[in-house]
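The structure under discussion appears below in the form of structure tokens.
Scope of the values below: all heavy atoms of this structure, side chains included, with no hydrogens, waters or symmetry mates. We name chains A, B, ... by the order of the sequence lines, and we start the count at 1 in each one.
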Amino acid sequence: MKYWLMKSEPDAFSIDDLERKGVEPWDGVRNYQARNFMRDGMKPGDKIFFYHSNTDVPGIVGIATVASPAYPDESQFNPKSKYYDEKSKREEPRWMLVDVKFERKFKRTVSLDEMKAREELADMPLVRKGNRLSVMPVAKHDWDIILKLEKA
DNA sequence: GCCAACGTTGGC
DNA sequence: GCCAACGTTGGC
């Protein structure tokens, strides 16, 4: 089993939205590296840190699981969607996604500040300057440290 | 295939 | 709202 982190702006889709819905297709990813992680890396049952970006206190707010294999993101074919991609054809879809299932909310937000301050997390891509990836792998080592931070 | 211009992300 | 960092596009 692998570990991941997925970013979402809470104004657009928050951990509470996911809790309400239960399962949600993670649409709108339009970055090739992020797509490749979903398409080639993720397997049903993998664990995901749910991260809130572009908000007062950016940080990890809960845990979700991968709930499906990768399949084409329907929004790329919809001219009315803001994620529409006119260059993508059904025979050869450019953008893939996975379904994401709510597991639990953290008792508190593990903030980006906190993670940056941790020497043990210095190698985590998330805390590196200028990282804009919205889907990224998390090392087991870092996963475990963050779970301890939640309880601290 | 280089690189300037442009667009987007996301912390602050 | 600003802007640094980065990805993508398109002219050449």
Within the 4.0 Å heavy-atom criterion, would you say A:Asp56 contacts the bases, only the backbone, or no part of the nucleic acid?
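Since no nucleic acid heavy atom lies under 4.0 Å of A:Asp56, the category is nothing.
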Please confirm whether A:Trp4 and A:Phe50 have ring centers closer than 6.0 angstrom.
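No; A:Phe50 has its ring centre 6.0 Å or more from that of A:Trp4.
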Give the rounded distance in Å between these two atoms: [atom1] of [X] and [atom2] of [N].
X: A:Met115; N: B:dG10; atom1: CE; atom2: P; result: 13 Å
X: A:Arg128; N: B:dG11; atom1: CZ; atom2: P; result: 16 Å
X: A:Asn54; N: C:dG1; atom1: CG; atom2: C1'; result: 12 Å
X: A:Leu133; N: B:dT9; atom1: CG; atom2: C1'; result: 11 Å

Classify the ring geometry between A:Tyr3 and A:Trp143 as parallel (under 30°), tilted (30 to 60°) or perpendicular (over 60°).
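If you compare the ring of A:Tyr3 with that of A:Trp143, the planes turn out tilted.
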Close side-chain approach of [X] to [Y], heavy-atom, < 4.5 Å:
X: A:Pro69; Y: A:Pro44; answer: yes
X: A:Phe106; Y: A:Ile63; answer: yes
X: A:Leu5; Y: A:Ile60; answer: yes

Assess the side chains of A:Ser53 and A:Arg132: does a donor N or O sit below 3.5 Å from an acceptor N or O?
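No.
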Derivation of the side chain to side chain contact (heavy atoms under 4.5 Å, CB included) call for A:Arg128 and A:Asp123:
CA-CA 8 Å; A:Arg128 295 258 187 76; A:Asp123 289 334; 3.9 Å; yes
Option from A:Asp85, A:Asn31, A:Asp73, A:Asp27 for which side-chain hydrogen bond (donor to acceptor under 3.5 Å, both in side chains) with A:Trp95 holds
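Answer to the side-chain hydrogen bond (donor to acceptor under 3.5 Å, both in side chains) test with A:Trp95 among A:Asp85, A:Asn31, A:Asp73, A:Asp27: A:Asp85.
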For the helix from B:dG1-C:dC12 to B:dC12-C:dG1, what is the angle between the axes at its two ends, each from 5 pairs, rounded to 10°?
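It works out to 10° between the end axes.
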Looking at A:Lys7, I'd like to know whether one of its side-chain N or O atoms comes within less than 4.0 Å of OP1 or OP2 on B:dT9.
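Result: no.
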Tabulated below should be each protein N or O lying under 3.5 Å from an N or O of nucleotides 5-8 of chain C; please produce it.
{"unit_1": "C:dA5", "atom_1": "OP1", "unit_2": "A:Lys129", "atom_2": "NZ", "d": "3.1"}
{"unit_1": "C:dC6", "atom_1": "OP1", "unit_2": "A:Lys129", "atom_2": "O", "d": "3.4"}
{"unit_1": "C:dC6", "atom_1": "O2", "unit_2": "A:Arg132", "atom_2": "NH1", "d": "2.8"}
{"unit_1": "C:dC6", "atom_1": "O2", "unit_2": "A:Arg132", "atom_2": "NH2", "d": "2.7"}
{"unit_1": "C:dG7", "atom_1": "O4'", "unit_2": "A:Arg132", "atom_2": "NH2", "d": "3.1"}

